[in-house]
Amino acid sequence: MARATREAYGEELAKLVQENPKIVVLDADLAGSTHSIKAGKAAPERFFDMGIAEADMIGTAAGLAASGYTAFASTFAMFATGRPWEQIRNSVVYPHLNVKIAGSHAGISVGEDGVSHQAIEDIAIMRAIPMMEVYCPADAAETKAVVDFVAGTTEPCYIRLGRAKVEDVYEEGNVPDVRKVHVLKQGKGIAVFATGLMVKSALDAREMLLKEGIDITVVDVCCLKPADEEGIAAVLKDHETIFTAEEHNTIGGLGSLVAEVSTSTCPRIVHRIGLPDTFAESGSAAVLLHAYGLDGEGVYNFIKERI
């Protein structure tokens, strides 16, 4: 069943606030869009709408975390990571406070809102902060697994969520360790590491390639930091041709991560599928993903051109 990861985030957070009185939820005037409003309705006394003041939201979340709470702070990814970056670095991560930042509407699949709302650098800037954990779930089930996992830790985290609906990759309640990479389909010689909605695009591309006798391996990378270097290296060693697929700038995201692991473990040429250091345009999610080669057909064409 196709569902947006932001929807699953709101549902799981609503469940958790009822189970754990130490969880607080903050939003920056977008609770309906991020779906954190579901947690607000479940526990209104622990829900805070901070208005369009993202830096204030992060500072308040840090204060609540310093007082012993687990703070979830949500807004659009562009504004969750861009506007309050200094507060995230200095007020949350440096003092190692228990704040979970959920960036919804990430990537170009945010749709018609255009470049100002298309977070295509968020993974890179969150990965660059020392000790910051970064997650980008592939579907609703993996999103719930990530929310459950980080709610039980004290680490500062960033969770990347999307606006558009994505088809199921996992069965709910049957998601493996979100910190490990997972081989979803085993092929021969060619491997595609994918994250977020690009996991489904990679699986769709695999079905197209199979019709031509090309059997590729598809790997889900949900946790981009701390990286599962051992798992990534194992895939690199078993495959000669490597691709990465992300709804993000090809600089600093998943492609960079796999290349970094490759240089220190198993040298490979890494072909990166994503936005090649460019901004996108405005349009519907489906139109933009197709235009920039990030749907199944685009991934298929990219791989075919290079093999």
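These values consider heavy atoms only, across backbone and side chains, with no hydrogens, waters or symmetry-generated copies.
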For the student: nearest non-hydrogen atoms of [X] and [Y], plus distance:
| X | Y | value |
| --- | --- | --- |
| H271 | F302 | CB-CE2, 3.9 Å |
| A80 | I101 | CB-CG2, 4.0 Å |
| D27 | S36 | OD2-OG, 2.6 Å |
| I58 | A73 | CD1-CB, 4.2 Å |
| S104 | S33 | OG-O, 4.2 Å |
| V169 | A138 | CG2-CB, 4.4 Å |

Is there a donor in the side chain of [X] and an acceptor in the side chain of [Y], or the other way round, less than 3.5 Å apart?
| X | Y | value |
| --- | --- | --- |
| T195 | E246 | no |
| N98 | T70 | yes |
| S201 | D295 | no |
| K100 | T153 | yes |

Exercise. Out of E305, E212, K211, which residue meets the side-chain hydrogen bond (donor to acceptor under 3.5 Å, both in side chains) rule with Y300?
Worked result: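 Exactly one option meets the side-chain hydrogen bond (donor to acceptor under 3.5 Å, both in side chains) with Y300, and it is E212.
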Problem set entry | Partner of Y170 under side-chain hydrogen bond (donor to acceptor under 3.5 Å, both in side chains), chosen from D139, T143, D220 | D220
Does atom [atom1] of [X] have more than 12 heavy-atom neighbours from other groups under 6.0 Å away?
| X | atom1 | value |
| --- | --- | --- |
| K188 | NZ | no |
| I52 | CD1 | no |
| R3 | CZ | yes |
| E281 | CD | no |
| Y69 | OH | no |
| K185 | NZ | no |
| I307 | CD1 | yes |
| E171 | CD | no |

Taking [X] for the side chain and [Y] for the main chain, is one N or O donor matched with an acceptor at less than 3.5 Å?
| X | Y | result |
| --- | --- | --- |
| S91 | I88 | no |
| H182 | D177 | yes |
| R6 | L161 | no |
| E247 | S109 | yes |
| R127 | G252 | yes |
| H239 | V235 | yes |
| E297 | G293 | no |
| S262 | R268 | yes |
| K304 | V299 | no |
| R160 | H105 | no |

So, do [X] and [Y] sit near enough that their side-chain heavy atoms are less than 4.5 Å apart?
| X | Y | answer |
| --- | --- | --- |
| C223 | V178 | no |
| E229 | I232 | no |
| Q87 | V92 | no |
| F47 | L26 | no |
| L236 | I242 | yes |
| L275 | Q118 | no |
| I123 | L254 | no |
| E260 | S256 | yes |

For this session: With side chain to side chain contact (heavy atoms under 4.5 Å, CB included) as the test, would you mind laying out the steps for V192 and V219 before giving the verdict?
Result: CA-CA 6 Å; V192 181; V219 185; over 6 Å; no
Problem set entry | Rounded distance (nearest 0.5 Å) linking atom OG of S284 with atom CD of E112 |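 Nearest 0.5 Å value for the OG-CD distance: 5.5 Å.
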Exercise. How many angstroms lie between atom CD of E142 and atom SG of C222, to the nearest 0.5 angstrom?
Worked result: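 The SG atom of C222 is 4.0 Å from CD of E142, to the nearest 0.5 Å.
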Exercise. Could you walk me through whether K144 and D148 pass the salt bridge (Lys or Arg N to Asp or Glu O under 4.0 Å) check?
Worked result: CA-CA 6 Å; K144 291 187 175 185; D148 282 345; over 6 Å; no
Exercise. Is it true that Y292 and V287 fall in one hydrophobic cluster, defined by side-chain heavy atoms closer than 4.5 Å?
Worked result: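 Y292 and V287: separate clusters.
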For this session: Report yes or no: do I129 and I251 belong to one cluster of Ile/Leu/Val/Met/Phe/Trp/Tyr joined by side chain heavy-atom distances under 4.5 Å?
Result: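 Cluster IDs for I129 and I251 differ.
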Exercise. Knowing that exactly one of M131, M132, E133 qualifies, which makes a side chain to side chain contact (heavy atoms under 4.5 Å, CB included) with P156?
Worked result: M132
For this session: State which residue, out of L64, V25, N20, V17, fulfils the side chain to side chain contact (heavy atoms under 4.5 Å, CB included) condition with R46.
Result: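 Testing R46 for a side chain to side chain contact (heavy atoms under 4.5 Å, CB included) against L64, V25, N20, V17 leaves exactly one candidate, V17.
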For this session: Take V150 and E155 through the test side chain to side chain contact (heavy atoms under 4.5 Å, CB included) and record every step on the way to the result.
Result: CA-CA 7 Å; V150 302; E155 308 301 318; over 6 Å; no
Exercise. Under 6.0 Å between ring centres, would you say that holds for H35 and Y9?
Worked result: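 Not under 6.0 Å, so no.
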